2 protein chains.
Amino acid sequence: MKRLRVNPAESCDEPHGPRASRPVDPRALEAAAGFFRAAGDAGRLRILTQLRDGERCVSDLAAASDDGMSTMSQRLKVLRVEGLVRRRRDGKHILYALADAHVLALVDTALAHAEDHRKESA
Amino acid sequence: MKRLRVNPAESCDEPHGPRASRPVDPRALEAAAGFFRAAGDAGRLRILTQLRDGERCVSDLAAASDDGMSTMSQRLKVLRVEGLVRRRRDGKHILYALADAHVLALVDTALAHAEDHRKESA
DNA sequence: TAAACGTTTCATCGAACGTTGAAATGATGG
DNA sequence: CCATCATTTCAACGTTCGATGAAACGTTTA
């Protein structure tokens with residue numbers, strides 16, 4: 001019995017390279033995509049780089065960016081929902097920080113890679 | 001001379017935590033954001049996870065995803081422009097692969113972090 | 001050279017996104 | 001308890017993004 005295919009045009013005759021391991025769980029994939037998406041905006045990524053130096057309140061971040069507090073708050077919310085930053089209250093202020101070492105590593109690695117890529121595509 | 005501020009409301013009285021290091025180069029920041037943005041889509045991220053096992057041609061990837069080749073090609077273009085994948089021709093096929101070890105590390109770390117985050121926010 | 005094949009480009013459409021200012025929230029300190 | 005201050009929410013707007021199918025492209029094979 002010859003193998004059938006819904007759309008014959010959408011496949012090579014033979015696979016290339018090593019065989020595939022089992023597909024990644026769709027939930028984990030969507031979560032990781034959300035994680036990347038949260039970091040995939042210059043404004044939000046700038047916040048992450050600022051938080052590498054330690055905790056910051058919204059006002060500090062807003063003052064350093066020439067963007068309003070509303071804008072900053074919305075960015076921080078995205079980052080928080082996706083698990084990139086934590087927050088805690090300190091007096092009148094709410095201090096934000098990177099969620100964990102993973103996030104720090106991700107940011108540093110991406111910046112390093114981006115520099116490499118920019119150099120070699122120039 | 002008292003220090004002036006454009007908008008007094010947009011700052012705390014004093015900074016929190018260690019002092020800031022110099023701001024990240026805007027170009028590098030935009031490049032890194034583009035990098036994250038490229039990975040920040042479930043369809044494109046799935047491609048990256050598939051490429052962890054080795055090179056794949058467009059048709060293989062399309063067949064494994066129930067998405068058309070056109071869609072797959074556009075996803076791959078985004079990934080390529082942002083420097084996440086490389087490609088080379090092999091006969092009639094064009095084989096795609098992860099650009100370098102950075103990308104592999106980024107994907108694995110994000111998946112690991114996403115799993116952690118999903119568990120603790122449940 | 002011509003036919004066949006795999007891949008890319010193009011234009012379009014609806015959905016999702018980011019910014020903004022105004023109004024609401026909520027904790028703090030007097 | 002009230003006034004204040006920092007932060008968040010809301011709704012609206014313009015912009016960007018991703019999927020789709022048809023047509024164009026470029027290689028390979030006959």
Side-chain angles (χ1 to χ4, degrees), chain A residues 5 7-16 29-30 33-48 55-82 85-97, chain B residues 5-16 29-30 33-47 55-82 85-97:
Chain A
R5 222 179 256 284
N7 184 344
E10 289 193 3
S11 162
C12 304
D13 292 344
E14 289 187 40
H16 304 269
L29 203 122
E30 185 54 59
F35 188 95
F36 280 128
R37 195 180 310 123
D41 173 80
R44 290 192 297 259
L45 184 55
R46 175 150 23 89
I47 293 177
L48 295 179
E55 300 179 306
R56 291 285 182 276
C57 69
V58 183
S59 307
D60 274 357
L61 294 168
S65 313
D66 282 1
D67 291 304
M69 279 190 305
S70 176
T71 298
M72 206 55 53
S73 187
Q74 303 240 44
R75 289 175 183 167
L76 286 164
K77 180 175 188 174
V78 172
L79 293 174
R80 189 165 50 83
V81 168
E82 295 297 339
V85 302
R86 294 173 171 286
R87 68 172 171 179
R88 71 179 181 89
R89 179 171 281 276
D90 173 46
K92 300 186 172 182
H93 299 286
I94 295 185
L95 300 181
Y96 283 83
Chain B
R5 221 179 256 284
V6 188
N7 183 345
E10 290 193 2
S11 160
C12 302
D13 292 343
E14 290 187 37
H16 304 270
L29 203 121
E30 185 54 59
F35 188 95
F36 279 127
R37 196 180 308 123
D41 173 80
R44 290 193 295 260
L45 184 55
R46 177 150 21 92
I47 293 177
E55 299 178 306
R56 292 284 183 278
C57 69
V58 183
S59 307
D60 274 355
L61 293 169
S65 315
D66 283 1
D67 291 303
M69 280 190 302
S70 177
T71 296
M72 205 56 53
S73 186
Q74 303 230 52
R75 289 177 182 166
L76 286 164
K77 181 174 188 176
V78 173
L79 293 174
R80 189 164 51 82
V81 168
E82 295 296 340
V85 302
R86 295 172 171 288
R87 67 172 172 180
R88 71 179 180 88
R89 181 172 279 276
D90 172 46
K92 300 185 171 181
H93 298 285
I94 295 185
L95 300 182
Y96 283 82

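Chain letters run A, B, ... following the sequence lines, proteins first and then strands; every chain starts at 1. Keep in mind that what you see is a predicted model, and the values were worked out from it rather than measured.
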Kindly calculate the angle separating the two end axes of the helix from C:dT1-D:dA30 to C:dG30-D:dC1, each obtained from five base pairs, and round it to 10 degrees.
40°

Distance, rounded to the nearest Å, where [X] contributes [atom1] and [N] contributes [atom2]:
X	N	atom1	atom2	value
A:K77	C:dG18	NZ	C1'	14 Å
A:D90	C:dA27	CG	C1'	13 Å
B:M69	D:dA23	CE	C1'	13 Å
B:H93	C:dA4	NE2	C1'	13 Å
B:L95	C:dT8	CG	P	11 Å
A:D60	D:dC5	CG	P	17 Å

Can you give one letter per nucleotide of nucleotides 14-22 of chain D, going 5' to 3': B for a protein heavy atom under 4.0 Å from the base, S for sugar-phosphate only, - for none?
---SSSBBB

Sub-3.5 Å pairs of nitrogen or oxygen atoms, protein against nucleotides 28-30 of chain D:
none

B:R46 and B:D67, any side-chain heavy atoms less than 4.5 Å apart:
yes

Salt bridge or not between B:E82 and B:R44? Use side-chain N to carboxylate O under 4.0 Å.
no

Over 12 foreign heavy atoms within 6.0 Å of CZ, B:R86
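Check fails, neighbour count at 12 or below.
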
